[in-house]
Amino acid sequence: RRLLWRRGLERDSATTARAFVSRARQQLSPTAAGSFAAITESYLAERFGGHPNTTIETELRALRNSLRI
């Protein structure tokens, strides 16, 4: 979240996770946007669907690396 914040992306409590991804796509590189969308969908699937993601560490690392300058 800190890396996204540094890019001017902050999610308020009224914004859904998918709406935030949609807004982020406009400001992130295609690689970062894709990683962020995948992580968000993984989170939603695990949090609300009970489907754990076994590759989340790899996805988080890819997002972090794509956001660093």
Side-chain angles (χ1 to χ4, degrees):
R1 289 181 60 191
R2 182 177 44 224
L3 290 171
L4 292 170
W5 178 79
R6 288 180 185 167
R7 300 275 180 155
L9 292 165
E10 191 169 5
R11 181 177 164 227
D12 60 45
S13 61
T15 303
T16 66
R18 287 188 178 119
F20 187 53
V21 167
S22 180
R23 189 169 53 123
R25 284 187 187 278
Q26 300 170 7
Q27 296 181 34
L28 298 175
S29 71
T31 301
S35 294
F36 184 54
I39 289 166
T40 299
E41 288 304 317
S42 293
Y43 164 76
L44 293 172
E46 185 168 340
R47 174 71 170 91
F48 300 107
H51 303 288
N53 181 341
T54 58
T55 63
I56 194 70
E57 292 295 325
T58 302
E59 292 171 359
L60 286 170
R61 194 174 306 111
L63 175 60
R64 183 179 60 234
N65 291 339
S66 67
L67 290 174
R68 289 200 170 144
I69 298 175

Kindly give the heavy-atom pair with the smallest separation between Glu10 and Arg23, and that separation in Å. O-NH2, 2.7 Å
Inter-residue atom distance Ile39.CD1 - Leu44.CG, 0.5 Å rounding: 12.0 Å
Between the CZ atom in Arg2 and the CZ atom in Arg7, the distance rounded to the nearest 0.5 Å is 14.0 Å
So, Arg61 side chain and Asn65 main chain: donor-acceptor pair closer than 3.5 Å or not? no
Using a 4.5 Å cut-off on heavy atoms from C-beta on, say whether the side chain of Thr16 contacts that of Val21. no
Heavy-atom nearest pair, Arg25 first then Ala37, reads NH2-CB, 3.2 Å
Rounded to the nearest 0.5 Å, how far does CZ of Phe36 lie from CG of Leu9? 7.5 Å
Within a strict 4.5 Å, meaning less than it, do heavy atoms of the Thr40 and Phe20 side chains meet? no
